[in-house]
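For reference, the structure is listed below as structure tokens.
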Amino acid sequence: MNQKNIDHIIELSNELRWQIGDDFHDTLTESMYANASNIVKNTVQNDNSKKRFQLDSKIDQIVTSKSFGFPIMFLILGLVLWLTIIGANYPSSLLANLLLDTIYPSLKSLALNIGMPWWLTGFLIDGVYLAVAWVIAVMLPPMAIFFPLFTLLEDFGYLPRVAFNLDALFKKSGAHGKQALTMSMGFGCNAAGVIATRIIDSPRERLIAILTNNFSLCNGRWPTQILIATIFIGALVPKSVSSLVALFAVIGIAVLGMVFMFGVSWALSKTVLKGEVSTFNLELPPYRPPRFWKTLYTSLIDRTLIVLWRAIVFAAPAGAVIWLISNINIGNESLAIWIIQSFDGFGFLLGLNGVILLAYIVAIPANEIVIPTILMLTVMVTGIAGGEGTGVLFELDSITDTAHILKAGGWTLLTAINLMLFSLLHNPCSTTIYTIYKETKSVKWTAFASIMPIIIGFIVTFLVAQFWRLLA
């Protein structure tokens with residue numbers, strides 16, 4: 001085919017596009033469904049189906065409307081998160097009491113009785129075991145609540161309505177409407193959200209969904225957000241409304257994550273992942289009562305336990321590293337102290353500190369151990385009472401005691417706000433990084449997904465810190 005024929009074909013294509021418009025695929029799809037609806041209406045006579053269809057249509061007029069669609073969506077999201085947070089408190093406490101207050105001392109006594117060397121006891125029990133115990137205690141209960149609730153909404157038929165509501169926003173950002181579903185899954189676990197992107201057929205749009213799923217605030221980061229918001233944000237208002245203000249602050253961070261997801265998706269679709277947005281033909285399924293036992297099996301076996309196992313596999317070496325850097329000395333100071341002091345200058349520019357930066361490095365395998373690591377390192381640096389021992393992860397039962405340790409470590413309101421931002425915008429955990437590699441089979445995109453969020457986190461926290469100090 002010569003150049004003249006190619007130019008003629010391009011000219012005809014542009015003329016046809018001008019005549020039919022850019023929304024030709026959408027218009028064609030709508031007309032097909034309209035014709036199918038008319039055929040069914042004129043030929044099918046079933047009173048029960050008609051009543052059910054009318055009921056579904058009335059519900060859809062509310063949950064997908066421009067006036068009520070988004071408020072209902074945020075209300076349901078808030079309710080699911082509230083149930084997850086409140087419901088996980090008691091089982092998390094039970095697991096913590098079992099794993100940390102009962103089994104941990106027993107293991108220490110056993111090691112002492114059999115004459116195990118102190119360094120081996122510290123490495124295996126204070127390091128590996130405690131990290132795994134914290135991941136199980138903090139991560140298992142929220143996932144065991146969130147995933148069944150998420151699956152119930154999926155089975156009931158509401159999640160496709162969420163995708164319908166968000167389709168226009170994702171389309172404007174150059175992404176796929178089904179990313180709304182993978183984003184929702186990411187609120188439980190980013191690794192599960194990455195796996196859920198398999199429902200997106202377009203490779204380009206699926207890659208965008210994978211790269212931006214980290215902006216969904218996963219359950220490993222909820223405890224950090226809630227604790228810091230309670231201590232520092234809630235303290236700004238009277239006690240009667242402090243819990244409510246702290247909850248709104250956390251939800252605000254979650255919504256901000258969605259804003260970053262849209263913004264980064266748009267940037268990727270205009271630069272390294274250019275392409276035309278694929279047509280998203282979403283057929284809303286009828287509402288139906290969920291199947292409880294199948295939902296329980298799917299959410300607990302296929303999602304919760306698999307993701308938890310991956311987190312445990314990566315948390316074990318993280319605990320070992322934490323113990324090692326806390327107990328290997330250079331001169332008169334531990335390796336951890338040397339690293340913290342070298343990070344303090346950069347941390348100050350970000351409105352953070354060296355303890356926080358080191359905690360996020362050693363906690364890459366599991367976000368759940370960030371706060372215990374911060375507390376342990378802060379006690380080590382300040383020398384105040386409250387720790388269990390050198391290099392031992394711990395968390396205090398009292399929020400007041402936790403606040404005392406953090407403030408003794410030099411924390412201010414700026415530190416708290418930037419930690420909440422950095423918790424949202426830092427690199428994915430190692431479980432998610434591994435899952436991204438398994439799904440993309442690409443070292444390049446896995447590295448990009450790991451580095452891109454933390455660069456954004458550095459930029460955002462730096463700007464907030466400088467603006468804050470300028471005003472002060």
Side-chain angles (χ1 to χ4, degrees), residues 59 62-64 68-95 135-166 178-197 199 213 215-226 247-248 250-251 253-255 257-258 261 284-311 367-368 431-432:
I59 297 175
I62 299 174
V63 299
T64 62
F68 300 104
F70 277 90
I72 291 174
M73 187 173 66
F74 284 117
L75 180 63
I76 292 177
L77 173 63
L79 180 61
V80 169
L81 295 179
W82 182 79
L83 289 173
T84 302
I85 294 167
I86 298 301
N89 284 338
Y90 184 66
S92 286
S93 298
L94 288 179
L95 281 173
V135 167
I136 294 174
V138 177
M139 193 174 181
L140 178 58
M143 284 199 304
I145 295 172
F146 178 86
F147 284 143
L149 290 175
F150 184 89
T151 309
L152 285 172
L153 291 174
E154 187 179 20
D155 290 348
F156 177 66
Y158 178 69
L159 289 188
R161 274 75 183 177
V162 173
F164 179 87
N165 290 335
L166 293 174
K178 287 182 180 178
Q179 191 173 332
L181 303 180
T182 66
M183 176 193 70
S184 301
M185 181 66 77
F187 282 122
C189 175
N190 293 140
V194 170
I195 293 173
T197 61
I199 64 175
N213 192 263
F215 296 117
S216 290
L217 201 61
C218 68
N219 64 51
R221 290 178 277 178
W222 287 112
T224 300
Q225 296 285 345
I226 294 166
L247 178 61
F248 278 123
V250 175
I251 293 176
I253 291 291
V255 173
M258 295 171 63
M261 182 177 292
L284 297 179
Y287 294 102
R288 58 184 181 272
R291 289 167 290 184
F292 178 77
W293 293 113
K294 183 179 179 181
T295 296
L296 202 61
Y297 175 84
T298 301
S299 56
L300 293 181
I301 304 299
D302 291 352
R303 293 174 180 172
T304 303
L305 293 184
I306 291 176
V307 174
L308 180 65
W309 171 247
R310 287 185 181 180
N367 289 309
E368 291 76 14
T431 306
T432 304

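Residues Phe70 and Leu166 meet the side-chain proximity criterion, which asks for heavy atoms closer than 4.5 Å. Counting heavy atoms from C-beta on, the side chains of Ile253 and Arg221 never come closer than 4.5 Å.
Under the rule for a side-chain contact (heavy atoms from CB on, under 4.5 Å), the partners of Leu79 that lie at least two apart in sequence or sit in another chain are Trp82, Leu83. Residues that satisfy the ring pair (Phe, Tyr, Trp, His ring centres under 6.0 Å) test with Phe68, not counting sequence neighbours, are absent from this structure. Judged as a side-chain contact (heavy atoms from CB on, under 4.5 Å), and not counting sequence neighbours, the contacts of Leu94 are Tyr90.
Distance alone, capped at 3.5 Å, is enough to place a donor-acceptor pair between the Asn165 side chain and the Val63 backbone. Side-chain N or O atoms of Lys178 include none that pairs as donor or acceptor with a backbone N or O of Thr197 at under 3.5 Å. Remark: side-chain polar atoms of Ser216 are paired, donor with acceptor, to backbone N or O of Met183 under 3.5 angstrom.
Phe164 CZ to Thr64 OG1: the interatomic distance, rounded to the nearest 0.5 Å, is 5.0 Å. In this structure, the separation between OH on Tyr158 and CD1 on Ile59 is 12.0 Å, given to the nearest 0.5 Å.
Of all heavy-atom pairs between Asn213 and Val194, the closest is OD1-N, 4.0 Å.
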Please test Phe156 against Arg161 for side chain to side chain contact (heavy atoms under 4.5 Å, CB included), starting from the C-alpha separation and ending with a verdict.
CA-CA 11 Å; Phe156 177 66; Arg161 274 75 183 177; over 6 Å; no
Yes or no on side chain to side chain contact (heavy atoms under 4.5 Å, CB included) for Phe215 and Asn190, after CA distance, side-chain angles and deciding distance?
CA-CA 9 Å; Phe215 296 117; Asn190 293 140; over 6 Å; no
